[in-house]
Amino acid sequence: MAIELHDTLTRTRKTLVPSDGQTYRFYCCGPTVYGPAHIGNFRAFVAQDVLRRVLETDFLAHTAADAPPIVLKHVRNITDVDDKTIRTSQERGETLTAFTQRWTEKFHTDCAALNCLTPDVEPRATAHIPQQVALVENLLAGGFAYVGGDGSVYFKVSACSHYGELSHLDRDQLQTQTENSAGQANDADEYDRESVSDFALWKAHKPEDGDNQWPGPKNPATGESINGRPGWHLECSAMSTAYLGESFDLHGGGVDLCFPHHENEIAQSESASGQRPFCHHWFHNAHLMVEGKKMSKSLGNLYTLEELDAQGYSAQAVRYVLINGHYRSQLNFTFNGLTAAASALAKLEKALKPILDIIGMTPEEFRELCGKPSAMTVTGMFVRAWEHLSDDLNVPGALGDIFSCVGDLNDPSYSKSAIVGQLRSLAGLLYCLGLELYTTPEAPIVEAPEHVIQLAAQRWEAKQSRDFTAADALRAEIQAAGWIVLDRKDGYDLSPA
RNA sequence: GGUGCGGUAGCCAAGUGGUAAGGCCCGGGUCUGCAAAACCUGUAUUCGGCGGUUCGAUUCCGCCCCGCACCUCCA
């Protein structure tokens, strides 16, 4: 079955197929590395990860036997130069390179914890200056750009007839906005650019940029190189073209990037290449709210994975929360929800364990099965879940099906071979969702201290002689020592509190 | 002002022109001296409000109320 996904540009659902019939090429806007990414950032990356896993599975399963397999090529950039990276690195007294390198590594660590697959290419903006400069020169030569009053190069929006198509914003309306979303005045300096809508392609060097400058495009008027740095939108156009070509399959990002970022990317890329579409499908995820409010530094609700981990919430639970709301709906992140996610995952593990036992599969074996893409065709009861995933990535619907089916699977009338088949389908689905079960190793058997062992023995004796007052007192004493005693039918277990 | 999204049980969240998946929490039960665990089980006559279309609407249409997001450097 084909995967269908909503496309922002056409506002319709479209089937995902590689436009060249061989390689599905997609680009996602990656992080700006000036600090740890927060869970809102990760909603986008996790949503893209699920899409990638679903596509991978679909292509594996539906490539004709005699045809070369359809492969995916996933590119996600690292923005390592912009106002924030420059400013913050200077505040820390670090070079831009060292500073962004550090946060890039942190980003990788977090992605791994969230079980996000690594993109095939992860290009950095500063490593692709020549490509960006070439793009600007191309636009200058084509009459799509000009050098502004401040020496920076701007894109001339009026030269792009279909500008605004993606975000469906009326160009006349754009000019009425006087504040940006941060409540700051749009300090559009009309002396520098011809129109407020025009955006910077290349920013001429300013003293506050320090050493962070590169030889830029040649000023057509003087023939001299404009030293400076790339504008925000430029890198994505240049790097997507470099790795995926002038026209590729899908472009993803948070809904906020729709305008102006992606709109500007389209304008730049299509003007430069003369090719439309720049991209066949636009994939935008809605924002994450925190406890009913927009995340912001001033509200102090920008949670990072590290902070949540410190509070005892696993990255797996975070991932579950992030995917258990449809990607196009706003998701309200709450600690209540995080707890619920952890409980749900634990329930899945518990419910599955006896089923695995029936066929003699260990949890570790099952985890491995879930860890790799399979050419499986989802069959049997789990088909409904796959249909949900195929239908605009309906993860909440699929999860509901998974829970229902796992419950149904615990039926003695199923043969072992039937169970094996069903579990394969389930593993394939869990791979798509990127949910890892049984990651927490069995709690190591810790030997209780001698005095606790003795207390427990005394309590057992008291209990056997039905002296419950003494037994309860001893249990309290054991608990005070940091241990919990749990009775079985024929004895008891001691475990750390 | 422009654009878009949404209001479904205590919380979260799917969904459909024919009478509401799933998860969390909670209640009841079995078991237990108690507790925990485990297992079984229950929980929306109802889908923001009011009209309309229809044999029938939560699902389609209209109006209204409420919430949210984006509108030039935020995923």
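Keep in mind that what you see is a predicted model, and the values were worked out from it rather than measured. Every chain is numbered from 1 and lettered A, B, ... according to where its sequence line falls, protein lines coming before strand lines.
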Check every strand shown and say whether [X] touches a base, only sugar-phosphate, or nothing at a heavy-atom separation below 4.0 Å.
X	result
A:G253	sugar-phosphate
A:H233	nothing
A:R76	nothing
A:N324	sugar-phosphate
A:K463	base
A:I484	nothing
A:R459	base

Would you tell me if any nitrogen or oxygen in the side chain of [X] comes within less than 4.0 Å of OP1 or OP2 on [N]?
X	N	value
A:N336	B:rC12	no
A:R11	B:rG4	yes
A:K347	B:rC24	yes

What about [X]: does its side chain form a donor-acceptor pair under 3.5 Å with the base of [N]?
X	N	answer
A:R328	B:rC5	no
A:R384	B:rG15	no
A:N394	B:rG15	no
A:K84	B:rC74	no
A:S167	B:rU3	no

Given atom [atom1] of [X] and atom [atom2] of [N], what is their separation to the nearest angstrom?
X	N	atom1	atom2	value
A:L433	B:rA13	CG	C1'	15 Å
A:Q330	B:rC12	CD	P	13 Å
A:Y320	B:rG22	OH	C1'	8 Å
A:D472	B:rU32	CG	P	17 Å
A:H326	B:rC12	NE2	P	19 Å
A:L166	B:rG4	CG	C1'	13 Å
A:E208	B:rC73	CD	C1'	15 Å
A:W232	B:rC74	CH2	C1'	7 Å

Is it true that the side chains of [X] and [Y] contain a donor and an acceptor less than 3.5 Å apart?
X	Y	result
A:H284	A:T8	yes
A:D256	A:H287	yes
A:T79	A:N77	yes

Could you work out which one of [options] sits closest to the side chain of [X]?
X	options	answer
A:H287	B:rC70, B:rA21, B:rC25	B:rC70
A:L288	B:rA75, B:rG15, B:rU72	B:rA75
A:H38	B:rA75, B:rG33, B:rG23	B:rA75

- Query: Is the NZ or CZ atom of A:R53 both under 6.0 Å from the centre of the six-membered ring of A:Y431 and within 45° of that ring's axis?
  - Reply: yes
My understanding is that a pair needs two contacts under 3.5 Å, Watson-Crick or G-U wobble. By that rule, which nucleotide pairs with [N]?
N	answer
B:rU45	none
B:rC50	B:rG62
B:rG56	none
B:rU16	none
B:rA69	B:rU3

- Query: Any idea which heavy atoms bring A:Q316 and A:N115 closest together, and the distance?
  - Reply: NE2-CB, 3.9 Å
What distance, rounded to whole Å, do you find between the two [atom1] atoms, one in [N] and one in [M]?
N	M	atom1	result
B:rU43	B:rA37	P	23 Å
B:rU32	B:rC39	C1'	14 Å
B:rU45	B:rU19	C1'	9 Å
B:rA44	B:rG4	P	38 Å
B:rA9	B:rG22	C1'	13 Å

- Item | Residue among A:E270, A:E265, A:Q268 satisfying side-chain hydrogen bond (donor to acceptor under 3.5 Å, both in side chains) with A:S237 | A:Q268
- Query: Where each residue is assigned the nucleotide of RNA chain B containing its nearest heavy atom, which of A:P260 and A:F468 is assigned the position nearer the 5′ end?
  - Reply: A:F468
- Per nearest nucleotide of RNA chain B, the residue lying toward the 5' end, A:S329 or A:T469, is A:S329
- Under 5.5 Å between ring centres and under 30° between planes: does that hold for A:F403 against the base of B:rG22? no
- Decide, yes or no, whether a salt bridge links A:K203 with A:D209 under the criterion of side-chain N to carboxylate O below 4.0 Å. no
- Please indicate whether A:E306 has more than 12 foreign heavy atoms, meaning atoms of other residues, nucleotides or ligands, lying under 6.0 Å from its CD. no
